[in-house]
Undergrad: 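My questions will all concern the structure given below.
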Amino acid sequence: MEYTIKTIWGLAKSPELRLDKESLYALVYRETKKESLKKLTKAEIEKVCKALGRLKDCQKPGNQATMKQRQMIYHLQKELGWDAARLNGFVKKMFKIDRLEWLDVRSCSALIEALKAMAGRM
């Protein structure tokens, strides 16, 4: 399959992701270190499309693992007394990912363990 900039936008606007322009460009920058879609090479376009595909797979309703993990994360967030901005800031610092919703199963597990350790020190 030949990936294009149009493919990137199609994946970003899919019902599972519904990314706004700012979030899409943050993902593009994370994957390629470029701030413009027009400056992407074919290989970089493919890399971005694959990253969007992985995000899309994590968002499917059947992915109960991450849904349960997120519930645990929200519980620990409340226990720590953190607001959503602080949690997302921690996620960005720890995983270089802008939003909690974009974490996969492995990253959610690591985040849960980190939050448990912090809650245990309280």
Undergrad: I want to check a possible cation-pi pair here: K93 against F95, using under 6.0 Å from ring centre and within 45° of the ring axis as the test.
TA: no
Undergrad: Examine distances only and state if a side-chain atom of K47 and a backbone atom of E31 form a donor-acceptor pair shorter than 3.5 Å.
TA: yes
Undergrad: Could you state the interatomic distance from CD1 (I45) to NZ (K6), rounded to the nearest 0.5 Å?
TA: 13.5 Å
Undergrad: Minimum heavy-atom separation for L52 to A12, with atom names?
TA: CD1-N, 4.4 Å
Undergrad: Heavy-atom count around K50 NZ within 6.0 Å, excluding the residue itself: above 12?
TA: no
Undergrad: Show the nearest heavy-atom pair for residues D20 and K13, with the distance to one decimal.
TA: CA-NZ, 4.1 Å
Undergrad: Is the backbone N or O of V105 less than 3.5 Å from a side-chain atom of Q69, with the two atoms forming a donor-acceptor pair by type?
TA: yes
Undergrad: Within this structure, what is the CZ-CD1 distance for the pair R30 and I97, rounded to the nearest 0.5 Å?
TA: 5.0 Å
Undergrad: Identify the heavy atoms of M72 and K116 that sit nearest to each other, and give their distance.
TA: CE-CE, 4.0 Å
Undergrad: Kindly write out the residues that satisfy side chain to side chain contact (heavy atoms under 4.5 Å, CB included) with Y25, not counting sequence neighbours, or none if the list is empty.
TA: W9, K21, L37
Undergrad: Please confirm whether the backbone N or O of Y29 pairs with a side-chain atom of K34, one donor and one acceptor, at under 3.5 Å?
TA: no
Undergrad: Considering non-hydrogen atoms only, spot the tightest contact between L76 and I112 and give its length.
TA: CD1-O, 3.8 Å
Undergrad: Tell me the closest heavy-atom pair linking L27 and A51, and the distance in Å.
TA: CD2-CB, 4.4 Å
Undergrad: Run the side-chain donor-acceptor check on residues 78-89: report pairs under 3.5 Å with partners two or more places apart or on a different chain.
TA:
{"unit_1": "D83", "atom_1": "OD1", "unit_2": "R86", "atom_2": "N", "d": "2.9"}
{"unit_1": "N88", "atom_1": "OD1", "unit_2": "L100", "atom_2": "N", "d": "3.2"}
{"unit_1": "N88", "atom_1": "ND2", "unit_2": "A84", "atom_2": "O", "d": "3.4"}

Undergrad: Roughly how far, to the nearest 0.5 Å, is CG of L40 from OH of Y3?
TA: 14.5 Å
Undergrad: Tell me the closest heavy-atom pair linking I8 and C49, and the distance in Å.
TA: CG1-SG, 3.6 Å
